[in-house]
Protein chains: 2
Amino acid sequence: MAPQTPPPRRTPLNRDRVLHAAVALADRSGHEALSMRGLAQDLGVVPMALYKHVANKEQLLDGMVDVIVGEIEPPAAGAHWKNAVRGRILSARRALLRHPWASRVMESRPAPTPGVLGYLDSVIGAFRAGGLSADLTHHAMHALGSRVWGFTQDLFPAPPDDADAGEPAGLPGEMAARYPHIASIAAIAASRPHDGDSVVGGGCDDQFEFEFALDLLLDGIERLHRQGWTSAG
Amino acid sequence: MAPQTPPPRRTPLNRDRVLHAAVALADRSGHEALSMRGLAQDLGVVPMALYKHVANKEQLLDGMVDVIVGEIEPPAAGAHWKNAVRGRILSARRALLRHPWASRVMESRPAPTPGVLGYLDSVIGAFRAGGLSADLTHHAMHALGSRVWGFTQDLFPAPPDDADAGEPAGLPGEMAARYPHIASIAAIAASRPHDGDSVVGGGCDDQFEFEFALDLLLDGIERLHRQGWTSAG
DNA sequence: ACCTGAACACCGTTCAAGT
DNA sequence: ACCTGAACACCGTTCAAGT
């Protein structure tokens, strides 16, 4: 008799394999489908095995955030501060768009991870390198809010695909009657192409809307900077 | 023998009682403590009794959102469009600040409730009454994003209260060394008073920051309006 | 050192039954 | 008509045990 073959030895688990498997699972099945048990099954392992590599689910989510932050491209050197900030934010947006669950997970973290702090530090650094005061930069960061990550909370969720296509524009007739002002701008929204699935959280947070708002804020900040604005005066 | 007293008849459940009990429970114990089972216990009823009044937990959350939206004050008549929008948004902010869980629940809704649509319709109406085009109003609403509800996603969670008070300003020394740009603006943040618990999601999203960003956006929109801006040109 | 099995204290929700 | 009890299919996490 040949000696019993040992049980198949999988490549041993480590934190990185766990984190990347979690990202892959969330990419495939969405944020709400990400459970410790489901992740363990993906890795061919019993749920408890994960707890040797991440302390708990919160730490798993923190680790996933840093995986995504790691995908943001390094800053461009030598650009004007407005272009430097703009470029950094649009790169973050591209990373977040690759992982539709990422914005929601990001929002859910009670404390910033090292990766998050590093990215924020670099954005602040870009403002300061342009000569903006610490005061103005502080308020600029608050004004940008989640937009520094390249996403925004959307207010008009995308209507379901089976929405009545025979309607004049945007909204079904009953709703248009009840919410006339929404109907008036929904007609505009329906008449311009939105980029279908490159959407964070559904709706029409497309590239045009994002850059419109980003530039509105950056232009306003630039104007205050040139006026020598301070929060004291 | 006296006839057996019937079991105590509680005032019968209805949708409104369920919704208001849910709001009270979330106010008291936070969003994550809100479970169908816990809510049932609060109402002195078995969990399944709730399902006669709300179809499921999602519908419960939708109902809670509309309770909060109902607390927003009616619009002021006859104001300039910028003040009308501003007033509406600041009133929404006051309602949301009374229920710290509300912003997170709001963000989680996949489809707008009637109350949400009514409020958004009124804000859009305020823009249109000021003569802004449907086009510009549409982009303005997107640019405002969750700010129309009076809250913004915060990027710097409040440091724990036991943070080293002997540090020069804002950040512990080790962090200040690793993230110098954050440290430079955290010093500013630490030197101004923040309103302690009137905070949505923790951090320094205080009234000053909120109004700074709101006015930055409204001023930018006003400027575009006066220039006759259109997305086409 | 690394993984496992069984258990605990929870969830939202269903179904068939009670009054 | 309105509420109940028991059950189902899940969670994250613990503990003591296996190899």
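Quick note on labels: first sequence line is chain A, next is B, and so on, each numbered from 1.
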Practice item. Could you grab the distance from atom CD of B:Glu71 to atom CZ of B:Arg94, nearest 0.5 Å is fine? Key: 12.0 Å

Review point. Is NZ or CZ of B:Arg93 both nearer than 6.0 Å to the six-membered ring centre of B:Phe151 and within 45° of the ring axis?
Key: no

Review point. Any luck finding a side-chain donor-acceptor pair between B:His53 and B:Asn14 under 3.5 Å?
Key: no

Check your understanding: With a 4.5 Å limit on heavy-atom distance, are the side chains of B:Leu39 and B:Val45 in contact?
Key -> no

Review point. What pattern of brackets, bars and dots sums up DNA chain D from 5' to 3', given Watson-Crick or G-U wobble pairs under 3.5 Å, [ ] for crossing pairs and | for another strand?
Key: ||.|||||...|||||.||

Check your understanding: What does nucleotides 5-12 of chain C look like as a protein-contact string, B for base, S for sugar-phosphate only, - for none, at under 4.0 angstrom between heavy atoms?
Key -> B-----BB

Practice item. Answer with yes or no whether the side chains of A:Asp66 and A:Thr113 bring together a donor and an acceptor at under 3.5 Å. Key: yes

Review point. Is the number of heavy atoms from other residues, nucleotides or ligands within 6.0 Å of CD (B:Gln59) greater than 12?
Key: yes

Review point. Is A:Lys57 paired with A:Asp62 through a side-chain N to carboxylate O contact shorter than 4.0 Å?
Key: no

Review point. Do the charged groups of B:Arg88 and B:Glu73 touch, with an N to O distance under 4.0 Å?
Key: no

Exercise for review: Calculate the interatomic distance between A:Arg17 atom CZ and C:dC3 atom C1'; express it in whole Å.
Suggested key: 13 Å

**Study point:** A:Pro47 side chain, from C-beta outward: closest of D:dC3, D:dT13, C:dC3
**Key:** D:dT13

